[in-house]
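Notes to accompany the following structure.
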2 protein chains.
Amino acid sequence: MSHPLSTQMIFERGERLFGDSRIITFDGTKTAATTYRQVADRARRLANALSALGLRPGEVLGTYSWNTQAHLEAYLAVPAMGCVLHTLNVRLSASHLEFVIGHADDRILLVDASLVEALQSVLPALPGVEHIIVNGASPDTISGFSGSVHNYEALIAGHKPVGTFPQLRETDAAAVCYTSGTTGLPKGVVYSHRSVYLHSLASMAADCFAISNRDRILMVPPMFHANAWGMPFSGWLAGSDMILPGRFLQPDNLAGIIAAERPTLMAAVPTILNDLLQVHARSPIDLSSFRTIVSGGSAVSPTLIERVKIAWGVDVVQGWGMTETSPMCVLSFPPRGAQGEDSLQWRAKSGRPVPGMHVRIVDDADRPLPEDGETTGHLQLKGPWVSGGYFRETPDVSPLTADGWLRTGDVGRIDRLGFVQVTDRAKDLIKSGGEWISSVELENGIAALNGVIEAAVIPIPDPRWEERPLAMVVLDHTTRPEPAVLRAQLLGKFARYMIPEYWAVVENLPRTSVGKIDKKQLRQKFDGGDLNVLIESGFSPGDRT
Amino acid sequence: MSHPLSTQMIFERGERLFGDSRIITFDGTKTAATTYRQVADRARRLANALSALGLRPGEVLGTYSWNTQAHLEAYLAVPAMGCVLHTLNVRLSASHLEFVIGHADDRILLVDASLVEALQSVLPALPGVEHIIVNGASPDTISGFSGSVHNYEALIAGHKPVGTFPQLRETDAAAVCYTSGTTGLPKGVVYSHRSVYLHSLASMAADCFAISNRDRILMVPPMFHANAWGMPFSGWLAGSDMILPGRFLQPDNLAGIIAAERPTLMAAVPTILNDLLQVHARSPIDLSSFRTIVSGGSAVSPTLIERVKIAWGVDVVQGWGMTETSPMCVLSFPPRGAQGEDSLQWRAKSGRPVPGMHVRIVDDADRPLPEDGETTGHLQLKGPWVSGGYFRETPDVSPLTADGWLRTGDVGRIDRLGFVQVTDRAKDLIKSGGEWISSVELENGIAALNGVIEAAVIPIPDPRWEERPLAMVVLDHTTRPEPAVLRAQLLGKFARYMIPEYWAVVENLPRTSVGKIDKKQLRQKFDGGDLNVLIESGFSPGDRT
């Protein structure tokens with residue numbers, strides 16, 4: 001008797017066993033709680049309401065929402081009823097937004113009231129959209145939109161909870177998330193029911209996120225990107241309390257929520273942790289309720305890990321993954337017995353594959369390279385929740401090698417114990433005088449210097465060396481060290497040819513829609529002459545180290 | 001791109017990431033350690049050796065072994081090479097042993113040297129067996145056996161490690177375990193690659209066994225029964241150290257191993273824990289290295305849980321499952337926030353379904369009953385690793401209902417939070433004057449009385465009440481309370497009609513081949529007049545409570 005893996009198992013487990021667990025929402029001022037029992041009942045009403053609006057199994061519903069309870073209810077209802085949850089990135093440009101809604105063929109959109117205005121401009125170009133469900137204060141009509149506008153609360157109040165969900169195949173699509181499209185048009189990564197279930201179960205493993213019934217998860221990663229690291233699903237499967245900050249992700253708001261709700265777990269990009277550290281430096285905040293903070297999305301510097309440990313005694317576990325891996329792939333849990341300095345050494349690596357995942361490095365011809373901790377190559381992935389194709393694309397648009405490995409576009413090393421160290425996006429490597437320089441390693445080295453809050457490094461053209469690194473730094477306002485001083489401190493830590501002579505002091509670093517440092521924008525700023533670049537001479541890249 | 005779930009993922013993960021983890025073997029005197037790296041290399045040699053002996057994908061290899069390193073190597077090699085691991089229960093009667101080897105068509109047997117003699121008598125009736133591989137001091141020939149005898153060490157030393165394992169389907173059989181056959185002939189429960197993988201991954205979940213790289217697992221449940229609760233697979237997947245006690249499961253041996261190796265986790269039937277408590281009472285031993293002890297296989301009394309907590313400060317987590325469920329099904333983790341007395345109350349229940357498993361209670365016509373904590377019914381299971389058929393049986397020999405639920409033969413209740421309380425095997429219920437009496441609840445109540453070490457209750461015929469409970473007790477030799485005293489202590493804890501008037505004081509309780517109290521044998525003893533039964537009058541079952 002086959003028993004298909006599905007998100008229905010997730011929905012029904014949380015509903016049946018953990019009815020008293022809590023879903024907590026922050027409204028910008030205070031938190032309010034409801035129970036799994038209530039949320040499950042509302043999700044079942046939503047399913048019936050969506051059926052009444054004409055949503056059929058296999059069809060797509062688009063969400064355009066922050067981390068809200070209604071969004072969570074859509075996570076539960078839409079896949080369980082056999083439909084596909086399409087989470088729209090609220091930071092997409094209008095042209096990408098229009099493309100993605102049209103490509104996915106979203107006939108129904110669930111939209112936060114605060115985001116209706118942002119959506120409005122693209123609606124005239126999207127005649128396929130028939131219904132817009134507004135979560136919050138809903139207008140009667142939306143200018144330029146000829147379909148029906150519904151109020152979320154009124155809609156679900158008008159329907160009974162659905163009794164039984166349809167039988168699904170585990171390979172059916174449960175959700176789709178378009179990649180942020182740093183090159184070309186966005187592509188839709190498809191998550192099957194099987195892959196969501198396996199990712200969620202692996203997230204509960206003791207050496208992974210170890211998500212349990214005892215956890216209180218602060219849902220910081222946006223639910224419109226890679227399913228918020230899968231935590232709405234894995235948290236519900238485990239019966240964790242979940243705290244939803246809505247659109248209030250500013251560090252002061254997060255600090256307030258943490259003080260009020262004492263969460264035990266969150267995932268966050270390094271920027272969020274840097275922001276919280278800056279709040280803490282101004283006026284101490286308490287993050288000691290966290291048993292673990294998982295960080296990733298861009299490289300997590302050892303300095304950041306150390307600063308969090310010093311500030312609050314909390315271990316940061318670094319992760320590396322992709323939209324195509326749901327996103328969990330490797331996590332930097334120290335090996336058995338590692339402690340203290342040794343532990344930091346491991347935590348500073350990108351991590352080891354979580355159960356089910358395989359990682360390898362290959363040369364330009366996809367031939368495996370030695371995993372000796374020294375050889376650098378293209379990182380490729382394989383595993384039961386690696387997405388192998390894109391939504392509504394022909395199979396020739398596959399990111400996989402002939403033997404089934406996913407090309408990540410990242411470059412790195414793998415050591416004897418299987419620890420992966422991502423050194424760069426292939427396109428972020430700097431080729432200087434025939435030698436490769438890793439921008440990530442430089443960024444980590446510079447961020448560790450006294451007086452530096454954050455650093456980013458991009459390649460810029462150089463008449464002599466072809467390319468050279470440009471270091472952009474955000475400095476502590478009290479000390480403000482000179483670039484010459486910073487540069488001198490890098491001596492002995494890096495080969496001389498790696499140490500940047502081009503520096504720019506900036507007030508902040510621009511972010512992408514998912515909170516990573518936006519290197520494309522930095523390159524554009526540099527190209528447009530918008531950066532005040534200093535050239536430190538002192539010593540030359542060509543000097544012997 | 002489909003990525004089949006398989007034991008190969010388990011093998012390769014442990015080998016690749018946890019090469020330094022340890023496999024520790026007890027030889028009756030001392031422990032000795034080797035590494036995952038070594039064991040994986042030996043397993044790869046074994047795979048090549050078995051191929052050379054003619055074992056082809058899909059064929060079966062029988063093991064007749066205690067918990068040894070060679071047995072673990074067979075666990076790793078046999079399924080990974082696409083063959084089926086058939087673990088023979090070393091306590092089977094000769095007739096069942098002969099039946100099972102013949103039914104499974106074992107052409108190759110891997111046998112502990114200490115068990116060759118026990119096997120010898122059945123070999124003449126099994127002409128299909130061609131090769132016997134002896135682990136330990138091997139004879140040149142085995143009397144009555146005309147096939148080849150091999151020494152395990154010599155055999156694997158003569159072969160290179162296999163490089164690549166064949167591609168498998170996840171529905172392929174990985175292992176088979178014949179149920180101990182309390183009624184009728186043994187039947188082979190099949191574990192597919194998919195089910196072994198999913199059971200192993202779920203075993204790593206924080207709210208399940210939480211098996212991790214930091215664990216040191218003392219492998220107490222026999223590897224010939226339900227894959228030792230799956231721990232050879234889940235432990236290897238997690239990279240835990242594993243301590244193999246061989247055939248030395250006597251309490252003094254276990255106490256010595258625990259002192260030497262400081263394990264963090266074990267699963268054990270209640271008998272083993274009772275035995276260790278008795279050793280402790282004579283001369284204190286230290287079990288504080290355990291973070292958790294999982295117990296099951298037969299009902300775990302609250303008294304036992306409490307005694308272990310008092311003796312060593314260790315929490316016992318109760319489990320309930322079957323050979324057909326690999327065996328993990330429900331585990332008694334307290335709900336969020338439960339502490340102290342409240343915590344014991346939850347731990348004394350059979351438990352809540354682990355992720356993936358579903359449990360229901362039904363009436364005699366398979367109709368679902370209310371899950372209100374009070375209604376009693378037949379327990380039925382469903383989940384991705386529930387075995388739905390038996391090895392080499394036609395599908396009509398299915399233990400499943402028409403809608404796919406496994407009939408367990410157990411009876412119990414389910415409460416609002418999904419906690420299952422198994423009250424009895426259907427055939428162990430006692431029908432007294434039209435009322436049901438649970439033998440398990442009585443056993444727990446009697447075992448909790450001062451001076452009682454263990455208790456078993458069976459139904460016996462009674463001229464007035466049709467059936468009455470007979471209580472058999474093992475008493476503490478220092479206090480030896482009279483049955484009348486024990487009986488009086490049950491007043492107020494049980495309805496009067498439930499309290500046994502038939503008592504027998506025994507020196508010990510007989511066990512089945514998997515360590516459960518052998519009620520069949522107790523019934524036979526009673527029927528044969530081999531028990532000295534006292535009748536306590538004092539009050540009558542018919543008195544009002």
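Naming convention: chains lettered A, B, ... in sequence-line order (proteins, then strands); numbering from 1 in each chain. As a basis for the values below, the full set of heavy atoms in this structure was taken, side chains included, without hydrogen atoms, waters or symmetry mates.
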Please rank B:Cys208, B:Pro335, B:Ala202, B:Gly19 by heavy-atom pairs under 4.5 Å with chain A and give me the top one.
B:Ala202
Using non-hydrogen atoms and a 4.5 Å limit, figure out which bit of A:Ile10 sits close to chain B: side chain, backbone, both or neither.
neither
Interatomic distance, B:Leu198 atom CG to A:Tyr197 atom OH [nearest 0.5 angstrom]:
7.5 Å
Would you indicate whether B:Arg291, at its atom CZ, is surrounded by more than 12 heavy atoms from other residues, nucleotides or ligands within a distance under 6.0 Å?
yes
Under 3.5 Å, is there a donor-acceptor pair between the side chain of A:Arg16 and the main chain of B:Arg416?
yes
Closest non-hydrogen contact found for A:Asp20 with B:Leu417 is OD2-CD2, 3.8 Å
Need one label for A:Pro4: side chain, backbone, both or neither, based on atoms under 4.5 Å from any heavy atom in chain B.
backbone
Can you tell which part of B:Glu15 gets under 4.5 Å to a heavy atom of chain A, answering side chain, backbone, both or neither?
neither
Answer with side chain, backbone, both or neither: which region of A:Phe209 has an atom nearer than 4.5 Å to a non-hydrogen atom of chain B?
neither
Heavy-atom count check: over 12 atoms from other residues, nucleotides or ligands less than 6.0 Å from B:Arg262 CZ?
yes
Side chain / backbone / both / neither for A:Gln8 at chain B, heavy atoms under 4.5 Å
neither
Distance-only, no hydrogens or angles: does the B:Arg336 side chain make a donor-acceptor pair with backbone N or O of A:Gly239 under 3.5 Å?
yes
Under 3.5 Å, is there a donor-acceptor pair between the side chain of B:Arg13 and the main chain of A:Val354?
yes
Might you work through the side chain to side chain contact (heavy atoms under 4.5 Å, CB included) test for B:Arg194 and A:Leu5, ending with a clear yes or no?
CA-CA 11 Å; B:Arg194 172 182 164 108; A:Leu5 305 175; 3.5 Å; yes
Rounded distance [0.5 Å steps], CZ in A:Arg214 versus CG in B:Asp207
5.0 Å
Checking A:Asp215 against chain B: side chain, backbone, both or neither under 4.5 Å from a heavy atom?
backbone
Regarding B:Lys382 and A:Glu12, does a basic nitrogen lie under 4.0 Å from an acidic carboxylate oxygen?
no
So which of B:Ser212, B:Pro355, B:Gly356 has the largest heavy-atom pair count under 4.5 angstrom toward chain A?
B:Pro355
Using every non-hydrogen atom in the two residues, find where B:Asn213 and A:Arg352 come nearest and quote the distance to one decimal.
OD1-NH2, 3.7 Å
